Amino acid sequence: MKRMIMPLVAAAILAAGYLVCCAAVDGEKVLPRTLANGIDVSGMKVQDAVGLLRNEETLSQGTMTVPVRFAEREYSVDVGSAVEWEYQPAVEELQKPVRGAFLTRGYFLIKSYLVGNSIEPSAALKSEEALEEAVKTSGLSEEGTTKQTAYRVEQDSLIFTMGTAGEEADIDKLKEELKAAILANDGRVVECPVSAGKVEEVDLDSVYQEICKTPKNAALDPANNYEIKEAEAGIRFDKATARKALETAEEGSRVTVELIREEPEITTEDLREHLFIDRLASYSTEVRGTDNRKDNISLAVSKCDGAILLSGDIFSYNNTVGEQTAETGYKLANATLDGTVIQAYGGGICQVSSTIFAAALYANLDIKERWEHEFVSSYIDAGMDAAVAWDVLDFKIGNNKEYPIRIDIIYENDILTVDIWGTKTDDSFVEIDTQVVDDSGGKLSVLTSRRVYSGDQSQMFVEQVANSTYIN
């Protein structure tokens, strides 16, 4: 009898325990040992668990990657920011058994304690833009087996290696495959759809701009104490010949285009050998007047002496000598204003500009700006002077020579001499003609012309350089 009672008692205890388990289950609370995306939601109310999971997803911007295989290489496309997870249905599905028949609840509770539960939410696409960005970040947008035409320079040749058409990742179709993989959420590797690649036509004009350059003459570098800056050879190629060769070339073949080297007109050796070796012109005037006037001339000379003009440069007298004030070292001396002799700081420095003007005429330099005085100057002929006034009248000359020029000024024993040094490239010489065209009514009008002759004394051209009118 006792043997029969003991199993019955044990069975009763187990049954009672099972009934306790069944009664302990709350259908609105998540079963024990339940994880969702690695987050423990055990014992939480269903809505609280869903809220927590959605909040964690927002903080982490989602976590989902899809492996994609292209050209025997695997890429990882992080689509987390493009995906949203359907937690509510997944949690509800987990809770469905414990909301059913009372006697089955205990089974699911015990099972949960023993093996645990995993919530597998379904995924849905929430952002096309985020998906496109994910593909771009993965590098698949730039991948392909097509090789575009490349080129390089080897010695005196431009060598093209013609491209070969292969396969490209078809991004539009890939996005559709990724959408399907997101919905399936099965971890499978997506085979990247492909499209035929295309070898782009060579932009020969761009290649020419990159490879070719015009020759550069040797020059002086003002930023480096006028040290010689090395000449540079030019490089070019015949675009018509190159284009024809590229149009008929086969994929993967090699096309060689000859590079043509062009030497500059003035090489480094030329400049070094011929720099300032010829006196292009010289002109002298006699200095008279007060000590202040002579001091002003001396100061202006110190600022202009040794001025170097590269080919194309313009010499501005005002910019060179600066504003004439007591603070800048100039003194009061005779000057004219509206037909009246006055005392002005820097009086007399027009003799320096006039002497430079005369020398520049004979050197056949370009006269950019020149003004006459109100009266004919005592130190130089009418039509040969160059009046200046700070911020009003300037005197400018331009270097129209191939080589640099230098203005040397010597002021000794009341003689002011301007020498212009450069490089003679021909045997031409200059004559200056000043012709009075009107001498009436208290006015004197003078036409200044420059006649340029070749070495055999045949006239090359005549140029009118000034038309001056003075108070007579």
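As the structure is a prediction and not an experimental result, all values here were calculated from the model. In this chain, numbering begins with 1 at the start of the sequence shown.
- For the residue pair Tyr470/Asp439, the side-chain donor-acceptor check at 3.5 Å is not satisfied.
- Judged purely by distance below 3.5 Å, without hydrogens or angles, the side chains of Thr285 and Gln351 pair a donor atom with an acceptor atom.
- By the 6.0 Å contact criterion, CH2 on Trp390 is enclosed, its count of non-hydrogen atoms from other residues, nucleotides or ligands being greater than 12.
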I would like to know whether Thr423 and Ile405 meet side-chain contact (heavy atoms from CB on, under 4.5 Å); could you show each step before the answer? CA-CA 8 Å; Thr423 306; Ile405 62 170; over 6 Å; no
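- At a cut-off of 3.5 Å, with distance as the only test, no side-chain donor of Ser298 or Asp295 sits close to an acceptor on the other residue.
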*So Ser311 and Asn399, side-chain hydrogen bond (donor to acceptor under 3.5 Å, both in side chains) or not? Walk me through it.*
CA-CA 5 Å; Ser311 181; Asn399 179 11; 5.2 Å; no
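- Between Tyr453 and Phe429, the distance from one ring center to the other falls under 6.0 angstrom.
- For the residue pair Arg370 / Ser468, a side-chain donor-acceptor distance below 3.5 Å is found, with atom types taken as modelled.
- Interatomic distance, Ile297 CD1 to Asp414 CG, rounded to the nearest 0.5 Å: 9.0 Å.
- Residue-environment remark: NZ (Lys244) stays at or below the threshold of 12 foreign heavy atoms within 6.0 Å.
- Counting non-hydrogen atoms of other residues, nucleotides and ligands closer than 6.0 Å to CD of Glu265 gives a total of 12 or fewer.
- Ring geometry for Tyr379 versus His373: interplanar angle over 60°, hence perpendicular rather than tilted (30 to 60°).
- The closest side-chain donor-acceptor pair between Asn217 and Glu402, if any, does not fall under 3.5 angstrom.
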List the atom pairs, with distances to 0.1 Å, where a side-chain N or O of residues 253-261 and a protein N or O form a donor-acceptor pair under 3.5 Å, not counting sequence neighbours.
from	atom 1	to	atom 2	distance (Å)
Ser253	OG	Glu250	N	3.3
Ser253	OG	Glu250	O	2.6
Arg261	NE	Glu263	OE2	3.0

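- Surrounding CG of Asn224 are more than 12 heavy atoms belonging to other residues, nucleotides or ligands, all under 6.0 Å away.
- Using a 3.5 Å distance cut-off with no hydrogens or angles, the side chains of Glu168 and Ser195 do not pair a donor with an acceptor.
- Asp419 and Ser282 are linked by a side-chain donor-acceptor pair at a separation below 3.5 angstrom, with hydrogens and angles left out of the test.
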